[in-house]
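Note that ligands are numbered from 1 as they come in the structure, with each ligand's atoms numbered from 1 the same way. Quick caveat: nothing in here was measured; it's all calculated off a predicted structure.
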Amino acid sequence: MAVHISLEDRIAAVTGAGGGMGRAVALALAEAGARVAALDLDGESAAQITEEIRATGRPALAVPVDVTRRASVHLAFERIETSWGIPQILVTCAGIIGTARLLALTEEEWDRVLAVNLKGTFLCVQRAVEGMSRLGEGRIVTIASDTGKRGGGRIATSHYAASKGGVIAFTRSVARELAGGRIRINCVCPGPTDTPMHAALPPDLREQVARNIPLGRFARPEEIAAAVVFLVSDMASFIYGETLSVDGGVLMD
Ligand SMILES: NC(=O)c1ccc[n+]([C@@H]2O[C@H](COP(=O)([O-])OP(=O)(O)OC[C@H]3O[C@@H](n4cnc5c(N)ncnc54)[C@H](O)[C@@H]3O)[C@@H](O)[C@H]2O)c1
């Protein structure tokens, strides 16, 4: 078995590619040889990461998408298929966080977070699997969170934690459904990671969070991307329906 990772000529769709983690995932997949379609609600940041990838001599495609809307997701995949073909790889990084204690949590805020994190994951995975089934192969990594396993904890984010717990259960359920086929699906649960998502964290809270991570610091987005690239590669050919923590030891107990 080859011990290097090559995704040469693979077509990869990365949602949330304009964000901190999605950008690192897109760059790492491109470095491994994949053609990367960068999907994001923020068309400008998707275009920016696309330019960064092209500057390395690799092809890239910026595709605006709202993962909460089925029609938008379908249009985005059609654009990739028209330009390059059916994506064999999907990584769902699009996500949002919200903070509210239970009694202050509104129905609108609950729906907003669940729509992007959980429904968005469902719509993208469903559309990707449709294409991968026609192709006869595929590799999918969903992005949940350590909060989806442990149930929040650091800040009041019950809706966010519920959405991520949903992503874990959804991924495992889809893995059971797809068993016996040639589409592999796994989930990554990052711990606190240095991305724009945490830009608003007050320094004292940030320090407190870092202190509670056994490795003593936030992850770099590239460290999450490395796990994703491994999971979509042939190196992980027998890893299936797994929920992999990449959290500096937060959940080791
Ligand atoms: N940063 C962390 O500490 C951390 C920890 C665990 C899990 N995560 C998860 O990792 C994923 C990536 O987070 P990040 O830290 O890179 O955040 P980020 O805010 O940097 O990036 C998220 C991206 O998703 C995009 N997005 C938001 N709504 C969208 C929609 N409706 N359609 C398409 N794109 C949309 C945003 O435009 C943004 O580019 C998220 O699912 C997040 O919940 C992050």
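Residues T142 and T121 have side chains that never bring a donor and an acceptor to within less than 3.5 angstrom of each other. Defined by atom type and a distance below 3.5 Å, a donor-acceptor pair is missing between the side-chain atoms of T195 and T193.
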Quick check for students: name every N or O atom pair between ligand 1 and the protein closer than 3.5 Å, with distances.
{"unit_1": "ligand 1", "atom_1": "1 (N)", "unit_2": "T193", "atom_2": "O", "d": "3.4"}
{"unit_1": "ligand 1", "atom_1": "1 (N)", "unit_2": "T195", "atom_2": "OG1", "d": "3.1"}
{"unit_1": "ligand 1", "atom_1": "3 (O)", "unit_2": "T193", "atom_2": "N", "d": "2.8"}
{"unit_1": "ligand 1", "atom_1": "3 (O)", "unit_2": "T193", "atom_2": "O", "d": "3.4"}
{"unit_1": "ligand 1", "atom_1": "3 (O)", "unit_2": "H198", "atom_2": "NE2", "d": "2.7"}
{"unit_1": "ligand 1", "atom_1": "15 (O)", "unit_2": "T195", "atom_2": "OG1", "d": "2.5"}
{"unit_1": "ligand 1", "atom_1": "16 (O)", "unit_2": "G20", "atom_2": "N", "d": "3.3"}
{"unit_1": "ligand 1", "atom_1": "16 (O)", "unit_2": "M21", "atom_2": "N", "d": "2.8"}
{"unit_1": "ligand 1", "atom_1": "20 (O)", "unit_2": "G20", "atom_2": "N", "d": "2.8"}
{"unit_1": "ligand 1", "atom_1": "31 (N)", "unit_2": "D66", "atom_2": "OD1", "d": "3.0"}
{"unit_1": "ligand 1", "atom_1": "32 (N)", "unit_2": "V65", "atom_2": "O", "d": "3.4"}
{"unit_1": "ligand 1", "atom_1": "32 (N)", "unit_2": "V67", "atom_2": "N", "d": "3.0"}
{"unit_1": "ligand 1", "atom_1": "34 (N)", "unit_2": "L41", "atom_2": "N", "d": "3.2"}
{"unit_1": "ligand 1", "atom_1": "37 (O)", "unit_2": "D40", "atom_2": "OD1", "d": "2.5"}
{"unit_1": "ligand 1", "atom_1": "39 (O)", "unit_2": "G19", "atom_2": "N", "d": "3.0"}
{"unit_1": "ligand 1", "atom_1": "39 (O)", "unit_2": "D40", "atom_2": "OD1", "d": "3.3"}
{"unit_1": "ligand 1", "atom_1": "39 (O)", "unit_2": "D40", "atom_2": "OD2", "d": "2.7"}
{"unit_1": "ligand 1", "atom_1": "41 (O)", "unit_2": "C93", "atom_2": "O", "d": "3.4"}
{"unit_1": "ligand 1", "atom_1": "41 (O)", "unit_2": "K164", "atom_2": "NZ", "d": "2.8"}
{"unit_1": "ligand 1", "atom_1": "43 (O)", "unit_2": "Y160", "atom_2": "OH", "d": "2.6"}
{"unit_1": "ligand 1", "atom_1": "43 (O)", "unit_2": "K164", "atom_2": "NZ", "d": "3.1"}

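Partners of I168 by side-chain contact (heavy atoms from CB on, under 4.5 Å), not counting sequence neighbours, listed by chain and number: A144, K149, R172, C187, C189, T243. A search for side-chain hydrogen bond (donor to acceptor under 3.5 Å, both in side chains) contacts involving Q48 returns nothing, not counting sequence neighbours. Scanning for ring pair (Phe, Tyr, Trp, His ring centres under 6.0 Å) contacts around H198 gives F218, with sequence neighbours left out.
Under the side chain to side chain contact (heavy atoms under 4.5 Å, CB included) test applied with T171, the options V188, N186, I185 reduce to a single match, I185.
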